[in-house]
Amino acid sequence: MKPSIPKGTRDFSPTEVAKRTYIFNTIRATFEAFGFQPIETPSFENSSTLMGKYGEEGDRLIFKILNSGDYLKKVDATLLENKESNKVTSEISEKALRYDLTVPFARYVVQHQNEITFPFKRYQIQPVWRADRPQKGRFREFYQCDADVVGSTSLLQEVDFVQLYDAVFSKLGLEGTTIKINNRKILSGIAEVIGVKDKLIDFTVALDKLDKIGKEGVVTEMLSKGITEDAIDKVSPLFDVEGSNADKLAALANMLKDSEEGTNGVDELRFVCDTIANLGLQTATLEVDVTLARGLNYYTGAIFEVAAPKKVKMGSIGGGGRYDDLTGIFGLKDVSGIGISFGLDRIYLVLEELGLFEAVELPTPKVLFLNFDSANDIEKLKAVKALRENNIKSEIYPDLAMSNNQQKKQWKYANNRGVQYVISKIDNDCKFLLKDMTNGEQNSCTLTELINTVQ
RNA sequence: GUGAUUGUAGCUCAGCUGGUUAGAGCGCCGGAUUGUGGUUCCGGAGGUCGCCGGUUCGAAACCGGUCUUUCACCCCA
């Protein structure tokens, strides 16, 4: 049988793991610098926790886990007979792989509310799974790195998260990212003003595609969703909103002056933009983007999305927003949350494409003892033990060389693994023949000298 | 879910309009070198040409199906 792995999954080899670890560590350190603490939740949840939280499309993309045992036995025969997949699914599967980290977190908060001190700041770095069709930068198993705060409605949180994005991407050397920001209340206000409040989702989804399918494409899509030409005329100024964040906000304020909700949204956005403008960002740009709609139906206030530098063709490398009532679904009312997510796998692809992994080193042994004869074996083992106790990565080539070629193979092994120091021989008076592979210099030394040299 | 695309040695790929025993480079193993590498030379092993079926005297090549790869749409990190 030919070995293979499922569609949309990947193996990670040592160099890839080293690079991924570097990103993880950078994100983790920044999360902690901002005061977040880690939690972890199970890979799979009860289906009822996840289903219905991500919209119809989301439900389709959730990996369901088949019940154990004779799972068909209890299913209603007529459902099976009529091949009603959706209804049968809920009877034969009661667990599902997590689809993101936000909903499991909301569940966690409600379940552990008595142990939590609010505002609660948590971060979480774990894989998620989506039964999507893979393509560039899209996998069926990938990591999200989330930071969320629940229990505070302060807009300072929004400001904090913009800075957090900027801090992480700056540390990674990824310059020129764009943090797009919008506010759900603005979208809602626009829909209200033009009289399509009942079609908010269709409206925002269509608007979101402006930079992709253009003005005409958006109009066509809106018409097909039953939004009237009259209404579209009223929003058409949106299609051409240009200029600085302040200009855009002024234009929006004018358009939304009759909508209380819309005006609130503009005010919130203005506060965040002004504060960030005062604080300054290192490498990122904060950009008001009215067309940013990000599907997730639970966002109620700010919406974030991070775009990679323009020269890289890649979907968003981060996203997030404020949700006022996510925990409400699980029975805890009036707890506002806000959070952001980093898409590790896409960030990896972007850094790779831009050649920003130079500094990442593979954990490779520093000292290798060749195995050319079995004399003084115990001295060899003692030396390795001493080196390791001094935190020097060391190892002995396991197999004894029986021929010239096999010796050659050991030297080659040292090269291929990038070992810097090689010991080829130990004298009877415990002198080590030490060779520095970077310059070819070779000399004899005692164990103490050896440790000092390679340290 | 929709539309394209890919599939030949461990890896990267050749293989002209269907015609004998399917090739190269790298890697691997062995040797030249009584034994110090990364840049020598020689030899060797290794392939049901994704799978199933069809067309043909003859298929890696043409046709159909299926799986797989990659890309776009939908949606999303």
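Every heavy atom of this structure was used, including side-chain atoms; hydrogens, water molecules and symmetry mates were not. In what follows, every chain begins at residue 1, and chains take the letters A, B, ... in the order their sequences are listed.
Below the 3.5 angstrom threshold, one finds no donor paired with an acceptor across the side chain of A/Arg130 and the base of B/rC76. In the interface, the side chain of A/Gln442 is paired with the base of B/rU36 through a donor and an acceptor atom under 3.5 Å apart.
Side-chain atoms of A/Phe432 and A/Asn443, non-hydrogen and from C-beta on, never get closer than 4.5 Å to each other.
Here the separation of B/rC76 from B/rG3, taken at their P atoms, is 22 Å to the nearest Å. Separating the P atom of B/rG65 from that of B/rA24 is a span of 36 Å, rounded to the nearest Å. Atom name P, nucleotides B/rU40 and B/rG27: the rounded distance is 9 Å, in whole Å.
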### Query
For A/Leu381 and A/Ile396, what are the C-alpha separation, side-chain angles and deciding distance, and is it a side-chain contact (heavy atoms from CB on, under 4.5 Å)?
CA-CA 8 Å; A/Leu381 289 164; A/Ile396 299 176; 3.5 Å; yes
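Shown are A/Phe31, A/Tyr143, A/Tyr348; of these, the ring-ring contact (aromatic ring centres under 6.0 Å, His included) with A/Phe342 is made only by A/Phe31.
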Polar atom pairs between nucleotides 1-6 of chain B and protein, under 3.5 Å, N or O only, would you list them?
residue : atom : partner  : partner atom : Å
B/rU2   : O4   : A/Arg133 : NE           : 3.3
B/rU2   : O4   : A/Arg133 : NH1          : 2.9

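Note on A/Lys7: only backbone sugar-phosphate atoms sit closer than 4.0 angstrom, heavy atoms only; bases stay farther off.
For A/Gln410 against A/Asp399, the heavy-atom pair with the smallest separation is NE2-O, 3.0 Å. Among all heavy-atom pairs drawn from A/Gly265 and A/Ile186, the shortest one is C-CG1, 3.7 Å.
Rounding to the nearest 0.5 angstrom, the gap separating the CG atom in A/Asp427 from the CG atom in A/Asn376 is 8.0 Å.
Where RNA chain B pairs in unbroken runs of 3 or more (Watson-Crick or G-U, both distances under 3.5 Å), the stems are B:1-4 with B:70-73, B:10-13 with B:23-26, B:28-32 with B:40-44, B:50-54 with B:62-66.
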